[in-house]
Number of protein chains: 2
Amino acid sequence: MDDVFDTERDSHDRPSNRFGEFLRLSAEERAVVAELLGPPQHYPRHHVLRREGTEPLNLHLLLGGWVAASLSLPTGKQQIVKVHLPGDLLGAPSLSLKSSAETLTTLTPVAAQPLSRSRLIAAFARHPRLAITLFLSAQKERVSLMDRLALVGQADAHVRIAALLVDLFDRLSAIGQARDGAFAMPLTQRDLGDLVGITPVHVNRTLRAMDKANLIRRSDQTITLLDIDRLRGLTGLPRRDFVFEPDWLPFR
Amino acid sequence: MDDVFDTERDSHDRPSNRFGEFLRLSAEERAVVAELLGPPQHYPRHHVLRREGTEPLNLHLLLGGWVAASLSLPTGKQQIVKVHLPGDLLGAPSLSLKSSAETLTTLTPVAAQPLSRSRLIAAFARHPRLAITLFLSAQKERVSLMDRLALVGQADAHVRIAALLVDLFDRLSAIGQARDGAFAMPLTQRDLGDLVGITPVHVNRTLRAMDKANLIRRSDQTITLLDIDRLRGLTGLPRRDFVFEPDWLPFR
DNA sequence: CGGAGTTTTGAGGCTATTCAAAGGTCGTGG
DNA sequence: CCACGACCTTTGAATAGCCTCAAAACTCCG
């Protein structure tokens with residue numbers, strides 16, 4: 001966990017959190033964002049940041065660690081709808097609701113900054129570019145959910161697991177937490193099952209088969225993707241090419 | 001198809017499209033929205049409004065009819081990620097992308113107004129309340145996708161179908177297109193399968209069983225929910241209670 | 001009346017599930 | 001330092017739910 005909490009970047013670089021995902025924010029705008037954020041908080045593993053059903057008073061900007069957003073069904077089963085990685089904004093979907101839809105649970109030790117929903121929305125008026133990025137971020141998340149839905153709805157266990165691993169790898173690569181196809185994997189096989197909609201037992205058999213097929217290798221909390229191209233090919237969905245400061249946006 | 005295209009409402013009433021979903025817009029704001037919209041276009045059944053992979057230059061505001069948003073996998077299978085009903089804004093997720101993720105196909109004859117992505121976003125600056133509603137709308141859609149994902153990931157065919165029917169019923173009720181648990185159903189059993197991730201054959205057996213169990217009744221293009229409470233109970237997900245002009249928003 | 005698409009029904013097979021239990025790993029406390 | 005418990009991974013066997021393939025009946029439209 002050396003540099004897990006290091007998500008700050010040089011401002012000339014591509015920004016490292018959801019606020020600069022689609023636009024290169026000005027110094028003033030970045031100051032406004034910094035002003036919105038509360039002091040970083042630290043949480044242990046398996047801490048519940050938010051329980052579904054409670055009122056969503058504030059969001060969290062994830063600085064370091066992994067967080068699961070999940071829905072639970074009364075059958076006892078739960079679906080993890082998103083694994084949040086550093087830089088992600090947590091809890092936004094429930095802004096539209098009186099009581100939260102998702103439970104946010106830390107999967108690792110976590111550092112995050114709280115941010116008040118009312119102050120965030122208020123900032124939209126004086127800083128429309130903030131509104132635009134966050135609007136586009138929300139749309140990006142919809143695309144991601146649509147992709148997940150298509151996989152869970154139509155693909156078999158191998159494909160679902162492959163897509164999940166590739167997605168995690170891509171997102172971790174973007175924040176410098178994957179090297180040579182390898183990354184730390186804090187998710188248990190039960191977690192993986194809750195993510196892709198299969199039982200832990202079957203996750204195990206699937207991972208095992210993929211290991212034997214030389215697609216992946218597993219060793220103490222680390223997963224290595226041995227043949228990323230083949231894994232990517234399995235998933236069947238195209239790479240999603242997101243815009244950045246597109247020319248159709250106003251006041252760039 | 002008498003009043004299918006009638007989605008205009010008295011301005012004192014709860015607005016009928018996505019622009020007034022979370023805020024009661026002022027006369028000026030409603031004028032701005034009207035100004036953004038192009039002239040209504042009409043399309044026949046099975047018309048492709050947008051093909052995945054193409055650049056998303058404009059959105060559509062659906063006035064009447066049903067539209068499917070789908071992703072296709074190279075296996076030939078397709079997942080319908082959303083059935084759009086009158087009042088919905090179509091194509092927004094792909095604003096974040098260089099090329100569209102979803103294919104938009106009309107399921108019935110459709111009337112829709114095009115709207116330019118750049119002009120829409122430009123309006124955010126002078127009319128922050130527009131930005132706020134659309135931001136919240138996007139979050140609402142995320143919740144809806146999360147619910148769908150949880151159902152497809154964890155529930156069996158009966159529960160998935162029940163949840164789908166209840167969702168359609170609730171949304172159609174809100175626009176006055178369902179009475180006494182009954183509504184017109186233009187989706188084929190293949191469509192239903194693409195929505196919930198099961199084969200048409202199994203959809204048929206499931207519907208048939210639900211009919212025999214007196215949960216639903218089917219007759220010429222119409223579905224009647226005979227026991228909505230029991231159907232709702234099957235799904236397991238709580239009713240989603242969305243905010244409207246919540247007191248934590250600025251400048252109400 | 002023909003043809004395309006949809007609904008219905010049957011039979012057989014496969015994927016993933018359930019249930020059960022053994023072996024590992026890790027953190028904790030004696 | 002070892003023993004213990006909690007949780008995770010692995011494996012097996014039997015089962016269930018859903019899929020595939022196939023074909024017949026029905027509806028709708030030209």
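Here is the naming used below: chain letters follow the sequence lines, and residue numbers restart at 1 for every chain. These numbers come from the heavy atoms of this one structure, side chains and all, not from hydrogens, waters or symmetry mates. Because the structure is predicted, anything quoted here is derived from the model rather than measured.
Not one N or O on the side chain of Q139(B) forms a donor-acceptor pair closer than 3.5 Å with the backbone of A138(A). For Q79(B) (side chain) and L195(B) (main-chain N/O), a donor-acceptor pair under 3.5 Å exists by modelled atom type. Remark: side-chain polar atoms of R148(A) are not paired, donor with acceptor, to backbone N or O of L149(B) under 3.5 angstrom.
Think of the region where chain B sits on DNA chain D: with heavy atoms and a 4.0 Å cut, that region ends 5' and 3' at dC18(D) to dC21(D). Read 5' to 3', the first and last nucleotides of DNA chain C with an atom closer than 4.0 Å to a heavy atom of chain B are dT6(C) to dA11(C).
Under the rule for a side chain to side chain contact (heavy atoms under 4.5 Å, CB included), the partners of P40(A) that lie at least two apart in sequence or sit in another chain are L63(A), Q113(A). With sequence neighbours left out, the side-chain hydrogen bond (donor to acceptor under 3.5 Å, both in side chains) criterion links R160(A) to no other residue. Taking the side chain to side chain contact (heavy atoms under 4.5 Å, CB included) definition, one finds that A178(A) meets it with F169(A), L172(A), S173(A), F183(A), sequence neighbours left out. Here T105(A) pairs with nothing under the side-chain hydrogen bond (donor to acceptor under 3.5 Å, both in side chains) rule; sequence neighbours left out.
Residue pairs meeting the salt bridge (Lys or Arg N to Asp or Glu O under 4.0 Å) criterion with at least one member in residues 91-110 of chain B, sequence neighbours excluded, are R50(B)-E102(B). Listed by first and then second residue, the salt bridge (Lys or Arg N to Asp or Glu O under 4.0 Å) pairs that reach into residues 181-193 of chain B come to none, sequence neighbours excluded. Counting only residues at least two apart or in different chains, salt bridge (Lys or Arg N to Asp or Glu O under 4.0 Å) contacts with residues 83-97 of chain A comprise R18(A)-D88(A), D88(A)-R171(A).
Counting non-hydrogen atoms under 4.0 angstrom, R160(B) reaches nothing in the nucleic acid.
For residues 201-215 of chain A, proximity to DNA chain D is found at V201(A), N204(A), R205(A), R208(A), defined as any non-hydrogen atom under 4.0 angstrom from a strand atom.
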Sequence neighbours excluded and cut-off under 3.5 Å, please list the side-chain donor-acceptor pairs for residues 198-209 of chain B, or say none.
| from | atom 1 | to | atom 2 | distance (Å) |
| --- | --- | --- | --- | --- |
| T199(B) | OG1 | H202(B) | N | 3.4 |
| N204(B) | ND2 | Q189(B) | OE1 | 2.9 |
| T206(B) | OG1 | H202(B) | O | 2.7 |

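Salt-bridge formation is detected for the pair D170(B)/R232(B): a Lys NZ or Arg NE/NH1/NH2 atom is positioned less than 4.0 Å from an Asp or Glu carboxylate oxygen.
Stretches of at least 3 consecutive Watson-Crick or G-U wobble pairs, with each checked distance under 3.5 Å, appear in DNA chain C as C:1-30 with D:1-30.
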